Amino acid sequence: MKRNNRAGIGGWIIVYIIGSIPLLTVYSMGLSGWFFEYPIGLMLAIFILLAVPLLLVLRKSPKAPQWNIAALWIVATLMILRSISVILFPMSSDGASRLRGDELLAVAQPLGVIVAVALGWAMVWTRYFRNSERVRNTFC
């Protein structure tokens with residue numbers, strides 16, 4: 001028997017919410033380090049700000065899909081800018097103003113992974129929020 005009326009917070013929406021929490025933690029750490037030396041208060045404030053769209057999903061707000069799509073792309077853009085800033089304005093471990101080749105490679109690889117994950121996450125979930133029957137039935 002085929003279910004045509006999928007609605008509610010379930011299925012892939014739960015995967016999105018649960019999967020977003022560790023990513024938001026990484027993003028809040030990276031963004032707080034952009035301004036200061038990773039203060040816990042700023043990290044928590046950024047995390048809460050980034051988590052607001054997830055709360056809209058849980059509350060079944062009609063605007064939740066749009067807010068989540070916007071947040072996904074804003075965060076992906078910020079992570080790209082943050083990664084570029086690390087490469088353009090590096091701080092070497094010995095206090096020098098430029099990174100050596102080995103240091104640059106060691107920094108660039110994890111930053112590339114973070115950017116790839118942020119972009120991939122945004123692309124996959126944007127498509128889901130725009131095309132999912134469950135999203136349409138739950139939020140429209």
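Since this is a predicted model, take the numbers as computed values, not measurements. For this chain, numbers begin at 1 and follow the sequence in order.
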For [X] and [Y], which heavy atoms make the closest approach, and how far apart are they?
| X | Y | answer |
| --- | --- | --- |
| Pro53 | Asn68 | O-ND2, 2.9 Å |
| Val75 | Tyr27 | CG1-CD1, 3.1 Å |
| Gln66 | Pro62 | OE1-O, 3.4 Å |
| Met29 | Met43 | CG-SD, 3.7 Å |
| Ser32 | Pro39 | O-CD, 4.3 Å |
| Ala64 | Phe139 | CB-CE2, 3.8 Å |

Path from [X] to [Y] over hydrophobic side-chain contacts below 4.5 Å:
| X | Y | result |
| --- | --- | --- |
| Ile74 | Leu23 | yes |
| Leu56 | Val15 | no |
| Trp67 | Ile48 | no |
| Val52 | Phe47 | no |
| Leu58 | Ile21 | yes |

First locate atom [atom1] of [X], then atom [atom2] of [Y], and finally report the distance between them rounded to the nearest 0.5 Å.
| X | Y | atom1 | atom2 | value |
| --- | --- | --- | --- | --- |
| Ile13 | Thr138 | CD1 | OG1 | 4.5 Å |
| Ser132 | Asn137 | OG | CG | 8.0 Å |
| Ile18 | Leu54 | CD1 | CG | 11.0 Å |
| Trp73 | Leu119 | CH2 | CG | 6.0 Å |
| Trp12 | Arg134 | CH2 | CZ | 11.5 Å |
| Ile80 | Leu111 | CD1 | CG | 12.0 Å |

- [ ] For Trp121, look at atom CH2 and say whether over 12 heavy atoms of other residues, nucleotides or ligands are found less than 6.0 Å away.
- [x] yes

Task: Arg130 side chain to Ile69 backbone, donor-acceptor under 3.5 Å - done: no

TODO: Measure the acute angle between the ring planes of Trp125 and Tyr128, then classify it against the limits of 30° and 60° as parallel, tilted or perpendicular.
DONE: perpendicular

